[in-house]
Structure formats: structure tokens, C-alpha cells
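Scroll down for the structure; my scribbles are underneath it.
In this text, all values refer to a predicted model and were calculated from it rather than measured experimentally.
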Amino acid sequence: MSRLSIKWPMPMLLAAAGTAAAALFIALNVRFVDLMLDSTTSVFGVLCALIAIARLAHHPLTALGRVLWLCILAVAAIAACAEFAESFAELKGHNFSLENMDDVLLLAAGPFGLWLTVRISPRPTGAQFLLLVGLTAQLCGAVLDLEGGNAIPGLALHPQRTEYYADFAQFLSLLSYLLALWLLVTPSRMHQKTARFQSDAKRTALYGIGLRDTLYPPPFLLGLGVAGPHSPAGRVHRLCNKALWPESDVIHSARNLGTIALWPIIASARALPAVRHYGAAVQRLTGKTPLQQFLEQVSIAVRHRIAPAYYYMYELYRPAQLKQAPHYLMRYETKEIAYRLLYPMEVDEHHPSQLKNKLEFARHCRANGIRHTEVYMLFEDGKRIRADDLRDDLPMTDLFVKPVLGKGGSGCQVWRYVADGVYRNSRGEQRDSAALVKYVAELSQARPYLILQAVRNHHELLELSAGALCTVRMVTCRNEAGDFEVTSAAFRMSVNPASPVDNFHAGGVAAAVDVVTGTLGTATDLGNGPDFNWHDRHPFTRAQIASRRLPMWQETVDLAVRAHRAFPEYAVIGWDIGILEDGPCIIEGNRGPDVDIHQRTALAPIGIGRFGELLAYNLEHRHDAL
């Protein structure tokens, strides 16, 4: 016969242990129960203050609501500090006359907690019952405190014994409030973990706990340096910030406060090496001393949550750029928060089409008539995978080798076809077909690899590359009508003949593209060089870049829109498109497109344009998508 086991939640076990300890102290006539009451009340005050802080971080709040939560924060913080001070004072043998602060906090907590829980749906009956128990116990303790030994004349209690009982009643009240708080917080955290899988109507990701991969820059509390709530960037900033403050989550509130307090120190530490690297060059350009640059970096880091590295990338040392600082969207906001909130989730009734897996992406494009680079072979665990849509032999054409789940150009190689079944890479190595297949199979022992079709640019674009394929990074977004549109574009060019890719973060250059006309702006690198040069001409080939119009631009825009329609679950997609001799071709799609390339090449914040408008719109309406 199996034994029934019951797993009691830790808060209930601690409450039971605390009650037993308090009862034992009173039975033994030990005054320590008063000290225990003060310490526990101070902890309760801290928890209430953290909840108020998390609520204040959620925008927008009405003016009355903000004042109310500020009052709660003030009362809880004062009570917590006072109770901590009283406990310390009693241990040191002093009396600061703070003994009534616990009464003030607890008398306010009960009625206010009941008022708040009435507004919650479904109604938290368990928490409300505990609040009523706590309020009853608190009132009983207050009566004993007021009347002293005359409270129950028939029992003839000694005044000191009556005070012990009053403390015990207050302690029971406090434990009831803590348990009610635990019941109110726990369901919301559980909901965040399970809501993603409950219904097809809520298939959009609702990330909460552990949303970000990094802690810095930290979230903001008051948002004094954030763009206005009616601007696209301001809306995105607030929506992303709200996701970092889970309501009633005291652990994340405490962590956020700690990171906010440390951020000026962290920002200063990050600014110092940046100033050492770039300070002299910027001083020659602007006349600003390294100290002035350092102070500006720390200032924008604290006010606008812009990390010091972006001070130079976005040229915020220029007055015109600095004025637009509130409208820049940061990489941590878009890639780590906004996109994750918008990613489609896989549930039993729906399986999103693949963007990250290159083979599945190619299959989905083929099924929907979207032109893309062909996949020839797939390798995994050192072996070639057989499939009906994969080849058994390599074609006599240029080949592109890349990881299945790679990004940023890492692990990519180009093998040009020479003759007689022989291929040569950019390092001059040569292999025949069998040797190349064996080589890629060995690479796949670490991670899966693909051999794909390598394509060449349109003849008008060949002089804009040092050898690798030039691609357009084009971002499309779901718009207010439910369709998709191009919001921003940049043209990427390789400058190193040994590089197989044109990736912007791998040392290439890029130029902003006018999405209407297809006209290129001035080209630049990522802004991590010593001189911050901008290029009207290609650094390697010396071909004209600025004011040049890309061929077949409208066809390229149309292809990106049609491709997004084939992946409708995604609100935002970044497309890498090659413009070939016979038309544009999709190279790959990215569910988390980077904004650095667009803000750097345009030298303007992306938050004030169409991308910012549609990102804010999709974040505000993510529950209604699909």
C-alpha cells in the first residue's frame, strides 16, 4: 500500500514554525517575541515596498494611481526602516520610541489589501480569507494594547502578559498577511509559465521571468530621460521596460533595484576603455576632451540607458545626434525583449514555420514559391543526411558552406568551381567533390552544416564587393492593416578579399538605402575603427557608392513583402537578399534583425521612423495577432 505524501509549500512551513516559536516564547514568558515581531514586520514592509516599486514601473498609470502607489511605497519604506531600527536599538539597549510603526503598517495593510483584491479576476478567495484573518487578529491585538490588563477583567491577566498576547496576535496577523501575499504572487508567476500553452488564441509568446540574457543596461523606474509616451520610441521603451518588472514579483523588483543602483558604476567602468580607444580621435573631430566624453557617456547611460559603446557607434558626441538620444532603440531592447515578446509560440494546434533552421527555411520558401538559394546537402554528426529534396552529388558550380543554425557569418565558406570537379576557397585551398564532401562531414561533427548554392551579384554591383556576395538587409513589419511592409534597408559590402561574407559585424561596410527609390547613402563600418571614416567610394575597389541606385529595387521590395506573407506568424523579419543578374533572391530570413546597422548607416534613430511605429503597434497588439 503506497503512502500518501503531501508536499507543503515552504511559506506555509515557515509560517507554522514561526507561530510555534512565538507561542513557545509567550508560554515561557520570554520577551524575544517582540523582537521577532519587529523584524518580521520590517521584512513585510520591504516586500510591500518592492511590490509598489514594480507597480510604479508599469506604465501608464493614472495620476491618482501613481500618487496612491507612491504613498504605499513611502509608508512601507518608512515602516520597514523604523522596524529595522527598533530591532537594532533594542539589541543595543537603546529605545528610539518606534514601537508603534508595526501597528500603522499592519492596520493599513489589511483594508487596503482587501480593497485591491476585490479588483482581481478571478477573485482570490484564499488570499482574501487570510487578509480577513489577519485583520481580525490585528484588531484583537490592538484592543489588548489599548486596554492593557483591563481588556478581559474576568481573566485577571497581568498587564505584561496581556502585552505578550497582543504581540502574539499581531504576529499572527503578520503571518496571515505574508501568506496572503504569497498566494497573490504565486499564481501570477505560474500563469506566466503556462499561459503560452493554454490556447491557440494566445499563441504569441508571453515571456516574463528570465526575459533578458543580460542585466545591463538595467530597466528604469521613473523614466525621466525616456522619449515621450506618444512617440514611437517612447512607447517601445515603456513596453520593453514593463516586461522587465513582473507585477508583484518582489525578487525581480529587488534585483532591478540593485542593478539600477550599480549602473552608474558599471557605465563608468565601460566608458573608461572606450575613451582610451576613441577619445583622441573624437577630440580632433569635435574638440571635446576625454573627460567631457567620459561624463557624456555616463550621463546618457544613466538617463537614456544607452551603453557607452554606442556613444561612438552612433556618434552621440555630435550635438545634433545627442538631441535624438531618447529615440534610439537599443539591441538589448529589440533582440532580447521586443522580438521575444512577438515570437510565435509552438502549441498543439499550431507549429510556426522555421526561420532559424536554414534547411526548413528553404523547404518552406520552396513550398510557397519564394525564390531562395538552393540547399544541396545536409551534414550532421559527421554524416551526410539523405532526403528526397537533397542532392546525392555536388553540382559543377560555386558552393556556399555554412552552419545550419549559424549567424553573423560565423563558420561560412565559399568554394568556387574551378574545373574538372575541383573547387577552391578564398584561402587558395583546393578539393575535388569527394574531398569537399568529406571535409564538410568532418565539420558537422561539432554542429550541423549545409552546402548551398553560391550566387553572384548583378553585374552593376560586382564592383561594390571585394569578392563576397553583397546583400540587402531589409526589414519588414506587420502593419496596421494586417499586411507587411518594408520599413528600413541597408546595403552590405565586403572589403576584405579573404572574407566569404559581407556581414556588417564581421568587418564589412554598409550604406543606408532609401526604401522608396533604392538609392544608397554614404557607407560606413560599425564605427569601431580609430578614425570614424565614412566612404563615398568603396574602400577596396574605389567604385562610387553614395547616390548610386540599386538595380531591380522594386522587385527586391516586392520579394521581401511576399516572403513575409509566407511567414505570417512573425511580426518582424530581417531579410538578406541578393540582387542577381536575373532578379532578387532570398538568402535567409532572421526573426531577430539587428537595428545597429540601420541606426549606424542612417546616422539617425530608428525609433522615430516607420520601424518604431510598427514595433510599438505590434507590441501593443501582440495578444490579437493571428
**Request:** If the plane angle is over 60° it's perpendicular, under 30° parallel, otherwise tilted; pick one for F567 and F361.
**Result:** parallel
**Asked** Is the charged tip of R591 near the ring of Y343: under 6.0 Å from the six-membered ring centre and within 45° of its axis?
**Response** yes
**Contact check, side chains of V572 and V475, non-hydrogen atoms, under 4.5 Å** = yes
**Message:** Which residues pass the side-chain contact (heavy atoms from CB on, under 4.5 Å) test with F540, not counting sequence neighbours?
**Reply:** A466, P497, H538
Okay, side chain of [X], backbone of [Y]: is any donor-acceptor separation there less than 3.5 Å?
{"X": "S231", "Y": "G234", "answer": "yes"}
{"X": "R478", "Y": "L615", "answer": "no"}
{"X": "S465", "Y": "L461", "answer": "no"}
{"X": "H621", "Y": "Y617", "answer": "yes"}
{"X": "H564", "Y": "Y570", "answer": "yes"}
{"X": "Q321", "Y": "L603", "answer": "yes"}

Partners of [X] by salt bridge (Lys or Arg N to Asp or Glu O under 4.0 Å), sequence neighbours excluded?
{"X": "R303", "answer": "none"}
{"X": "E463", "answer": "R548"}
{"X": "R565", "answer": "D483"}

**Prompt:** Taking only residues at least two apart or on different chains, which pairs with a member in residues 601-616 satisfy salt bridge (Lys or Arg N to Asp or Glu O under 4.0 Å)?
**Reply:** E480-R610, E485-R610, R610-E613
**Request:** Evaluate the criterion side-chain hydrogen bond (donor to acceptor under 3.5 Å, both in side chains) for residue pair E315 and Y310; output intermediate values, then yes/no.
**Result:** CA-CA 8 Å; E315 302 191 3; Y310 291 98; over 6 Å; no
**Message:** Working note: W263 + R305, criterion side-chain contact (heavy atoms from CB on, under 4.5 Å); need CA distance, chi angles, decisive distance, verdict.
**Reply:** CA-CA 9 Å; W263 177 230; R305 296 301 190 261; 4.0 Å; yes
**Message:** side-chain contact (heavy atoms from CB on, under 4.5 Å), that's the test. Do I260 and F220 meet it? Break it down for me.
**Reply:** CA-CA 7 Å; I260 290 172; F220 58 82; 5.9 Å; no
**Intermediate values then yes/no, side-chain contact (heavy atoms from CB on, under 4.5 Å), C470 and F491** = CA-CA 7 Å; C470 296; F491 188 68; 3.4 Å; yes
Ignoring hydrogens and angles, write down the donor-acceptor pairs under 3.5 Å from the side chains of residues 513-521, residues two or more places apart or on other chains.
unit_1	atom_1	unit_2	atom_2	d
D514	OD1	V516	N	2.8
D514	OD1	T517	N	3.2
T517	OG1	T519	N	3.3
T517	OG1	T519	OG1	2.9

**Complete:** Shortest non-hydrogen pair, C240 vs L619, comes out as SG-CD1, 4.4 Å
**Asked** Is it true that Y314 and Y328 have ring centroids separated by less than 6.0 Å?
**Response** yes
**Item:** Among Y439, W415, Y417, the one residue meeting ring-ring contact (aromatic ring centres under 6.0 Å, His included) with Y423
**Value:** Y417
